[in-house]
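Some notes on the structure that comes next.
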Amino acid sequence: MRFALLGDHPDGIDLARTLAATGQHFLQFYSGPALGLAQLHGYGIQPKQVGDLEEILADDAIDTIIVAGSATARDAQLRRALQAECHVLCVHPAGSSPDIAYEASLLQNDTGCVLLPLLPMTLHPGVVRLAGLVRTRTRLIELEIWSTEEVLLDATLEAAKPGLPGWDVLRRIGGEIGEVYAQAPSAEIEAGQPLLVSGRFLNGRMFQASYLPHQAEARWRIALVTTTGRATLLFPHGWPGPATLTYTDESGETRTESWEQHHPWLPLIDRLEQALARSAIQQPGQVVEEALTKAPHLLGWEDELRGLELDDALRRSAERGRSSVLDHQEATEEASFKGTMTLAGCSLIWMSVAVLILSVWFPWLAWFILPLFAGFLLLQTLRWIVPGKENRA
């Protein structure tokens, strides 16, 4: 596979380095700051530097793009790469709002290309093992992140809105999140400030996450609180260092499992190769919905979309001082059609009321009400004229 790297985000650089080290993938083009190119040269990788994205997309040999640009350029790079029908790996977060993720999902449905976010922690064997320990007796899931630097994502950039790490881990372990509540020192989520997040999953379980920047040491801790005790996954030196899982089995004995230093990108590359193999044989227009919360729990673009929705909901919670509920809209053509028709129906009702009032002075206006409703009903037939994604050839 020949691929191109757009931008110098550290995750993009590390992934490109790991892909090239496999010997099966070749980094042909790089577009971004000179510092990123110097890093690649330091790893022994010599891509051709290109300033114009269109020149990269015009090369038929390039079928995969790593979108790793700045927070302000990432959404445009993602959109253009998908329009060019390339497979895309995108740095998280893809944008400051869920809108770009919705648009990317629709483009992926049309092109059938692979689209994955760079969220490697959910593929860690310790996280997978902890998710397997979740039982009906699990009442609370705790996430604690300490960092010697900043915890929030893109928080130091003026044009970007800060995002939170760990949403993918919480969803992989506990399921889909339905409500969040933020407690911060101010009405806005700001860099350098501690943050406490609580909420509930759709299945009724609760969670609590604490984010502490500028600590003396880095640490990740994920725990399941059950009626019989705790199951704790600890990264004592932060992600992606060594990890230890401690839990009590069904017989009441304490068990311990450990993992050495973990390479975060190798499992993601395996996931990419599986997706590429499947996309090569799937029928045009066939959409396979994959997410960490759906069996068989595969990382997919829906996880990026949910992460951006949760970031947006958390910012609203901090501003308003109350919990924020998520509605989990689907990024599909059918969902967009329903939303558009709902808006059109509400507008039609108000328009009819206005026409009725004006017909007191202009009686002939009343004749427009029936054609308006007839046109609206005619639009409803489009859902049967245009085939759904399961019926497309």
Side-chain angles (χ1 to χ4, degrees), residues 11 92 117-149 151-153 164-177 180 194-201 203-213 215-268 270-271 291-293 295-299 303 306-307 310:
D11 287 351
H92 173 76
L118 300 192
L119 295 171
M121 189 172 185
T122 54
L123 306 176
H124 189 281
V127 175
V128 176
R129 183 73 179 93
L130 187 64
L133 295 176
V134 175
R135 301 289 186 270
T136 55
R137 293 177 298 177
T138 301
R139 296 183 172 182
L140 176 68
I141 298 176
E142 297 177 340
L143 173 64
E144 182 181 319
I145 301 178
W146 293 14
S147 176
T148 57
E149 301 176 346
V151 175
L152 303 179
L153 306 175
L164 262 67
W167 290 126
D168 52 328
V169 175
L170 286 170
R171 293 176 59 254
R172 175 64 182 90
I173 297 173
E176 209 62 78
I177 297 174
V180 294
L195 177 65
L196 180 64
V197 181
S198 58
R200 62 173 178 82
F201 298 94
N203 54 28
R205 296 189 183 99
M206 310 297 289
F207 76 88
Q208 179 174 295
S210 56
Y211 300 86
L212 300 174
Q215 296 292 106
E217 60 181 3
R219 184 175 74 177
W220 275 66
R221 184 181 65 86
I222 311 165
L224 306 179
V225 181
T226 69
T227 56
T228 58
R230 285 176 177 265
T232 302
L233 177 64
L234 178 64
F235 293 82
H237 306 299
W239 164 259
T244 301
L245 174 62
T246 306
Y247 64 96
T248 303
D249 62 15
E250 296 180 354
S251 62
E253 296 185 10
T254 301
R255 303 288 185 180
T256 301
E257 301 178 20
S258 300
W259 294 269
E260 298 298 329
Q261 178 80 19
H262 179 71
H263 197 300
W265 302 114
L266 290 177
L268 185 64
D270 292 339
R271 173 73 184 93
L292 295 170
T293 56
H297 306 291
L298 296 175
L299 178 66
D303 301 307
R306 296 302 181 216
L310 286 163

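This is a predicted model, so every value here is computed, not measured.
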Sole residue of L234, I145, L170, V169 in side-chain contact (heavy atoms from CB on, under 4.5 Å) with I222: V169

Heavy-atom pair of closest approach, residues W259 and G126: CH2-CA, 3.6 Å

Set of residues satisfying side chain to side chain donor-acceptor pair (under 3.5 Å) with respect to Q208, sequence neighbours excluded: none

Residues in side-chain contact (heavy atoms from CB on, under 4.5 Å) contact with Q215, at least two apart in sequence or another chain: W146, L212

D168 to L292 - nearest heavy-atom pair and separation: O-CD1, 3.7 Å

Y211: partners by ring pair (Phe, Tyr, Trp, His ring centres under 6.0 Å), with sequence neighbours left out: none

Intermediate values then yes/no, side chain to side chain contact (heavy atoms under 4.5 Å, CB included), L224 and I141: CA-CA 5 Å; L224 306 179; I141 298 176; 3.8 Å; yes

side-chain contact (heavy atoms from CB on, under 4.5 Å) against N203, all qualifying residues, sequence neighbours excluded: F201, R205

Residue list, salt bridge (Lys or Arg N to Asp or Glu O under 4.0 Å) with R171, at least two apart or on another chain: E176, D303

Nearest atoms (heavy-atom pairs only) where T232 meets A223: OG1-CB, 3.9 Å

Pairs satisfying salt bridge (charged side-chain N to carboxylate O under 4.0 Å, His left out), at least one member in residues 231-243, at least two apart: none

Heavy-atom side-chain proximity of P165 to V151 below 4.5 angstrom: yes

Heavy atoms from other residues, nucleotides or ligands near CD of Q261 exceed 12 (cutoff 6.0 Å): yes

Which residues share a salt bridge (Lys or Arg N to Asp or Glu O under 4.0 Å) with E253, sequence neighbours left out: R255

Contact summary for V134 and I173, nearest pair of heavy atoms: CG2-O, 3.5 Å

Minimum-distance pair of heavy atoms, taken over all atoms of L133 and A231: CD1-CB, 4.3 Å

Test side chain to side chain donor-acceptor pair (under 3.5 Å) applied to S198 - qualifying residues, sequence neighbours left out: none

W265 vs L123 side-chain heavy atoms within contact, under 4.5 Å: no

Atom of R200, atom of I177 and distance for their closest heavy-atom approach: O-CG2, 3.6 Å

Could you pull out all donor-acceptor pairs under 3.5 Å where a side-chain atom in residues 235-248 meets a protein atom, sequence neighbours excluded?
from: Y247; atom 1: OH; to: R129; atom 2: NH2; distance (Å): 3.1
from: Y247; atom 1: OH; to: E257; atom 2: OE2; distance (Å): 3.0

Of all pairs that satisfy salt bridge (charged side-chain N to carboxylate O under 4.0 Å, His left out), the ones with a partner from residues 226-246, not counting sequence neighbours: E142-R230

With sequence neighbours excluded, residues passing side chain to side chain donor-acceptor pair (under 3.5 Å) with W220: none

Residues which pass side chain to side chain donor-acceptor pair (under 3.5 Å) with H92, listed by chain and number, not counting sequence neighbours: E304

